[in-house]
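Values in this document were obtained by computation on a predicted structure and should not be read as measured data.
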Amino acid sequence: MPQATKKKPNKNNNLLRWVIFTFLLLFFCAMMTSLLAPSGAIEEVPLSDVIARANDENGNIAKITVEGSNLKITLRGEDYYTQVSRKDTSGTLYEQGLINQCEGLAGDELTNCQSKYPTIEYVEASNFWDYALDIAIIAIPVIIIFLFFNSMMRQAQSMNNQSMGFGKAKAKLYGPDKKKVTFQDVAGNESAKQDLAEIVDFLKEPKKYEKLGAKIPRGVLLAGEPGTGKTLMARAVAGEASVPFFSISGSEFAEMFVGVGASRVRDLFTKAKKNAPSIIFIDEIDAVAHKRDARGGAGREDEQTLNQILVEMDGFDNDSGVIVIAATNRVDMLDKALLRPGRFDRHVNVTLPERKDRLEILNVHFKNKPVEKDVNLEALAAKTAGSSGADLANIANEAAITAAREGHKEITNGDLTEAFERVAIGPERKSKAMNDHERKLTAYHEAGHAIVGHVLPDSDPVHKVTIIPRGRTGGVTWFLPPEDRSYKSIYELKDILARAMGGRIAEKLIFGEDAVTTGAASDLQHVAELSKEMIVEEGMGKATRDLVFPEGSTGYYTIATSKPYSEKTAELIDQEIKGLSNEAAARAEAVLKANKPVLDKLAEALLKHETLEEKELEPILKDAKLPVTAKLR
């Protein structure tokens with residue numbers, strides 16, 4: 001498979017830089033030499049002449065500086081000096097006749113002597129570090145200038161390369177050299193894998209389909225909730241087919257400059273055709289392919305990008321061997337032209353995993369983790385209804401972290417439970433201190449949820465009750481369905497509303513009508529949202545039975561439009577929502593009044609143990625009964 005070619009460095013540019021650097025170094029050396037060198041000429045004279053003139057009061061030598069074997073002679077009234085290198089070093093200068101005539105004198109005598117004879121000064125000879133310092137003084141400015149010049153050239157070259165590649169696609173190319181992902185690595189979603197298996201078979205054996213006149217779908221749209229494995233599915237297709245896989249995000253096409261997105265689309269499809277058979281995967285395609293409107297956006301960057309995608313997909317040859325796979329969790333936002341046959345003509349729904357699929361996913365994630373023999377992944381799969389594959393992967397990772405934190409050599413059932421509850425609600429807030437009244441209030445609140453949910457016939461069984469603060473809650477009551485359901489009846493939804501009101505009603509019964517607290521805020525919000533959904537979207541009201549009122553971007557109306565019903569209908573909807581809430585509160589109150597002893601018993605057990613599991617709840621709740629006034633049928 002052809003690999004992405006790396007741009008080789010330009011040798012001519014590097015040579016030019018070194019030539020300029022050498023020129024600058026020579027220029028500075030010459031300049032510094034001229035600055036440091038003495039003004040005037042340098043004259044070479046014999047040492048004997050220097051000594052003779054130094055001892056002569058008319059010798060015209062003002063000063064002699066002795067530095068090792070070198071003598072620097074400064075003449076009177078002259079700006080230049082003569083430098084003498086002593087070849088004969090067998091004896092000292094004193095032994096050779098150079099005498100300091102003014103030694104030992106002071107005052108006027110010293111001044112008079114110095115006017116006739118030279119001053120002799122002995123200085124320490126320069127060593128290696130002195131020469132190194134001189135070199136550094138010259139070289140450092142040159143190096144700094146060269147580095148600055150080199151940086152400017154690199155920056156200019158980088159800007160040039162960037163401008164030249166501005167319209168190039170930023171897609172990542174995955175080929176056989178990368179780690180393969182196959183359908184065996186994707187647990188669950190068998191129906192989605194079956195749809196994608198046909199794409200793989202076409203890439204492997206295209207002639208089998210062409211002989212029968214069949215055309216492979218040009219585009220496959222993977223739609224599903226976040227975290228369900230859409231990207232993993234696309235990589236599995238590439239891994240199974242063993243073809244080049246170009247991956248890019250929809251947001252990478254967007255740019256502030258008009259026309260860049262369209263240019264990147266053209267570049268991406270050109271690369272894919274050159275590497276055919278190949279796959280283009282566009283993640284989060286809704287970022288550049290949302291619905292066009294009548295706002296006159298013909299020149300807008302996002303619409304130009306979308307138009308180019310439409311043209312490229314519709315212009316494929318039957319034998320091009322390029323397939324486009326896109327992923328999104330907002331199919332309702334995509335433009336209709338993109339979804340028609342001939343472009344994305346196959347839609348694959350990647351749904352949330354069912355219980356058996358969740359068990360397979362958990363087995364994949366725990367395959368390489370040490371777990372105890374009695375770890376029950378089936379129970380965890382039952383608890384995690386509604387969880388995506390990403391959620392399950394997070395739970396597996398949190399379980400391993402919890403086991404390591406607790407010092408366990410293997411992951412235990414306790415680690416699984418803690419990981420599940422941490423991901424679902426939040427970590428335990430052990431530092432949250434509650435006084436006795438708050439603990440009692442929380443105990444009765446959670447006991448109210450548990451008893452109402454246990455008694456009502458269409459409610460899910462109680463799994464666990466705790467008054468230990470976790471996440472944003474002061475306590476938690478868990479209800480787990482015995483099996484996954486695709487639909488919910490009105491009876492089940494009304495039981496959910498009633499058990500949600502159980503906490504607030506229990507507070508009123510025990511602490512008084514006016515002693516309600518903010519602890520039921522999330523419950524009341526859940527009741528309001530579910531009641532509205534039942535009336536507006538599911539047609540479950542009494543006066544509005546079988547009537548729905550779509551709002552927002554789903555359905556036929558958009559957020560920008562007004563409500564698709566009159567003010568009178570809006571008042572009727574409000575009355576229906578209020579009626580459901582009042583009915584739920586009345587049913588919860590009837591259940592708790594009829595089971596007051598059980599409520600007290602459960603609250604006392606929670607205050608003592610703080611957490612009660614399903615087996616510990618059974619003997620307490622076995623005497624609870626359903627009053628006639630709380631029945632629906």
Practice task
Check whether any side-chain heavy atom of Leu339 lies under 4.5 Å from a side-chain heavy atom of His347, and answer yes or no.
Solution key: yes

Practice task
Grab the two heavy atoms, one from Ala326 and one from Ile285, that are nearest each other, plus how far apart they are.
Solution key: CB-CD1, 3.8 Å

Exercise for the section: Grab the two heavy atoms, one from Ala500 and one from His449, that are nearest each other, plus how far apart they are. Expected result: O-CE1, 3.1 Å

Residues 603-632, side-chain donor-acceptor partners within the protein, below 3.5 Å, at least two apart:
residue: Thr611; atom: OG1; partner: Thr466; partner atom: OG1; Å: 2.9
residue: Glu616; atom: OE1; partner: Glu613; partner atom: N; Å: 2.8

Handout entry: Backbone N/O of Val527 and side chain of Ser531: donor-acceptor pair under 3.5 Å
Key = yes

Practice task
Could you please spell out the steps behind the side-chain contact (heavy atoms from CB on, under 4.5 Å) verdict for Leu416 and Val375?
Solution key: CA-CA 8 Å; Leu416 289 183; Val375 164; 3.3 Å; yes

Fill in the blank from the handout: Contacts of Asp600 meeting side-chain contact (heavy atoms from CB on, under 4.5 Å) (sequence neighbours excluded), chain-then-number -> Tyr444, Ile510, Lys596

Problem - Pair Arg346 + Glu198, salt bridge at N-O below 4.0 Å - result: yes

Practice task
Spell out, as yes or no, whether a donor-acceptor pair under 3.5 Å connects the side chain of Arg330 to the backbone of Glu284.
Solution key: no

Problem - Inter-residue atom distance Ile451.CD1 - Leu599.CG, 0.5 Å rounding - result: 4.5 Å

Practice task
Look at the side chain of Lys230 and the backbone N and O of Asn349, then say whether any donor-acceptor pair between them is shorter than 3.5 Å.
Solution key: no

Exercise for the section: Enumerate the residue pairs fulfilling ring-ring contact (aromatic ring centres under 6.0 Å, His included) with a member in residues 472-504, sequence neighbours excluded, ordered by first and then second residue. Expected result: Phe420-Trp478

Handout entry: Test item: Phe281 and Val237 side chains (from C-beta on) under 4.5 Å apart, heavy atoms
Key = no

Problem - Approximate separation, where rounding is to 0.5 Å, of Phe183 CZ and Met233 CE - result: 7.0 Å

Exercise for the section: Report yes or no: does Asp286 contribute a side-chain atom to a donor-acceptor pair with the main-chain N or O of Met333 at less than 3.5 Å? Expected result: no

Handout entry: Lys542 backbone acceptor or donor facing Glu576 side chain under 3.5 Å
Key = yes

Handout entry: Check: Met313 and Phe269 side chains under 4.5 Å, non-hydrogen atoms
Key = yes

Practice task
Apply side-chain contact (heavy atoms from CB on, under 4.5 Å) to Pro341 and list each qualifying residue two or more places apart in sequence or on a separate chain.
Solution key: Asp345

Exercise for the section: Carefully, step by step, assess Glu225 and Asn329 under the rule side-chain contact (heavy atoms from CB on, under 4.5 Å). Expected result: CA-CA 5 Å; Glu225 296 292 329; Asn329 56 357; 5.9 Å; no

Handout entry: From Met534 atom CE to Leu493 atom CG, the distance as rounded to the nearest 0.5 Å
Key = 5.0 Å

Practice task
Give, for atom CG of Asn595 and atom NZ of Lys601, the distance between the pair rounded to the nearest 0.5 Å.
Solution key: 12.5 Å

Problem - From CA spacing to verdict: side-chain contact (heavy atoms from CB on, under 4.5 Å), Ile323, Arg218 - result: CA-CA 5 Å; Ile323 295 175; Arg218 297 178 180 176; over 6 Å; no

Practice task
Please report the C-alpha distance between Glu583 and Arg587 in whole Å, then the side-chain angles of each, then the deciding distance to 0.1 Å, and finally whether the salt bridge (charged side-chain N to carboxylate O under 4.0 Å, His left out) criterion is met.
Solution key: CA-CA 6 Å; Glu583 179 186 353; Arg587 296 181 69 209; 5.1 Å; no

Handout entry: Close side-chain approach of Thr328 and Leu334, heavy atoms under 4.5 Å
Key = yes

Problem - Donor-acceptor pair, side chain of Asp415 and main chain of Thr412, under 3.5 angstrom - result: yes

Exercise for the section: Please report the shortest heavy-atom distance between Val364 and Ala187, naming the atom on each side. Expected result: CG2-CB, 4.0 Å

Handout entry: Sub-4.5 Å side-chain heavy-atom contact between Ile280 and Phe245
Key = no

Completion exercise
Residues at least two apart in sequence or cross-chain that pass side-chain hydrogen bond (donor to acceptor under 3.5 Å, both in side chains) with Glu507, listed by chain then number, are His445, Thr517

Practice task
Considering non-hydrogen atoms only, spot the tightest contact between Val548 and Gly539 and give its length.
Solution key: CG1-N, 3.8 Å

Practice task
Quick one: closest heavy-atom pair of Ser459 and Asp495, and the distance?
Solution key: N-OD2, 3.4 Å

Practice task
With side-chain contact (heavy atoms from CB on, under 4.5 Å) as the test, would you mind laying out the steps for Leu221 and Val348 before giving the verdict?
Solution key: CA-CA 6 Å; Leu221 182 65; Val348 177; over 6 Å; no

Problem - salt_bridge(Lys532, Glu529) N-O dist < 4.0 Å - result: no

Practice task
Answer whether the closest heavy-atom distance between the side chains of Leu196 and Val220 falls below 4.5 Å.
Solution key: yes

Problem - Main-chain N/O of Ala272 paired with Asn275 side-chain donor or acceptor, under 3.5 Å - result: no

Exercise for the section: Compare all side-chain heavy atoms of Lys464 with those of Val476 and state whether any distance is below 4.5 angstrom. Expected result: no

Practice task
Spell out, as yes or no, whether a donor-acceptor pair under 3.5 Å connects the side chain of Thr473 to the backbone of Arg470.
Solution key: yes

Problem - Salt bridge present between Lys369 and Glu410 (N-O < 4.0 angstrom) - result: no

Distance-only donor-acceptor hits, side chain of residues 376-394, under 3.5 Å, sequence neighbours excluded:
residue: Asn376; atom: OD1; partner: Glu378; partner atom: N; Å: 3.2
residue: Asn376; atom: OD1; partner: Ala379; partner atom: N; Å: 3.1
residue: Thr384; atom: OG1; partner: Arg358; partner atom: NE; Å: 3.3
residue: Thr384; atom: OG1; partner: Leu380; partner atom: O; Å: 3.0
residue: Thr384; atom: OG1; partner: Ala381; partner atom: O; Å: 3.2
residue: Ser387; atom: OG; partner: Thr384; partner atom: O; Å: 3.1
residue: Ser388; atom: OG; partner: Asp391; partner atom: N; Å: 3.3
residue: Ser388; atom: OG; partner: Asp391; partner atom: OD2; Å: 3.1
residue: Asp391; atom: OD2; partner: Ser388; partner atom: N; Å: 3.1

Handout entry: Sidechain-backbone polar pair: Ser581 side chain, Ile577 backbone, donor-acceptor under 3.5 Å
Key = yes

Problem - Nearest non-hydrogen partners of Leu456 and Ala498, listed with the distance - result: CD1-CB, 3.6 Å

Handout entry: Heavy atoms of other groups near Asp374 CG, more than 12 under 6.0 Å
Key = yes

Problem - Separation of Ile535 CD1 from Leu580 CG (nearest 0.5 Å) - result: 4.5 Å

Exercise for the section: For residues Ile496 and His526, determine if any side-chain heavy atom of one lies less than 4.5 Å from a side-chain heavy atom of the other. Expected result: yes

Practice task
Using atom types as modelled and distance alone, determine if a side-chain donor or acceptor of Glu421 lies under 3.5 Å from a backbone N or O of Glu418.
Solution key: no

Practice task
State the CD1-CG distance between Ile395 and Leu362, to the nearest 0.5 angstrom.
Solution key: 7.0 Å

Practice task
For Glu190, look at atom CD and say whether over 12 heavy atoms of other residues, nucleotides or ligands are found less than 6.0 Å away.
Solution key: yes

Handout entry: Note: Arg499-Asp523 ion pair, threshold 4.0 Å (strictly below)
Key = no

